[in-house]
Amino acid sequence: MAYWLMKSEPDEVSIDDALAASSIPWFGVRNYQARNFMRDRMQPGDGVLFYHSSCDQPGIAGLAEVASSAYPDHTQFDPASKYFDPKSSAESPRWMMVDVRALRKTRLLSLAELRACPALSDMLVLQKGSRLSITPVGVAEWRQVLALLEGKKSP
DNA sequence: GCCAACGTTGGC
DNA sequence: GCCAACGTTGGC
């Protein structure tokens, strides 16, 4: 059982969009490190912090879980998609994705509030220059985030 | 829109 | 293998 933070632009897929579906395919990841996390380390049932990025209020917007193992991202084969990759092939797909099932919407736990919590200072998503759309979350960090969502003071 | 930081590409 | 140029991310 592992924990992850996954960024989504709410203009594309928000937590509300995700909750409206039984699960959503996490298409469009075009970064090798993020792909490798999905392909090599994610397991169905892993916990996911659903993060809204590139928007007015960036931060954690909900809780989710990994709902499948990794499989090829079909958008890489679609010339009409902005995620089309001409260098990929059906025989050896370059990009993978998992399905993610949203569990519940939370209050918006803002990036500023995350940064203000000393116990979360090592969180990968908070590191300077971090742009990875998928990052592993430590169990202590996961518990701390849940505590913040419940309104408890950080220690 | 700006820009810092990072990732990828491609010539050599 | 180096590294400059370019493209992308994402907060502000």
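A note on names: the letters A, B, ... follow the listed sequences, proteins ahead of strands, and every chain is numbered from 1.
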Would you call A:K105 and A:D16 a salt bridge, taking side-chain N to carboxylate O under 4.0 Å as the test?
-> yes

Contact letters for nucleotides 4-11 of chain B, in which S counts primed atoms plus P, OP1 and OP2 and B counts the base, heavy atoms under 4.0 Å | -BBSSSS-

Here the pair of heavy atoms bringing A:A90 nearest to A:F77 is N-CE2, 3.6 Å

N/O donor-acceptor pair under 3.5 Å between A:S133 side chain and A:K7 backbone | no

When rounded to the nearest 0.5 Å, the distance separating CG of A:L111 from CG of A:L126 is 6.5 Å

Side chain to side chain donor-acceptor pair (under 3.5 Å) partner of A:W95, chosen from A:D73, A:T75, A:D85 = A:D85

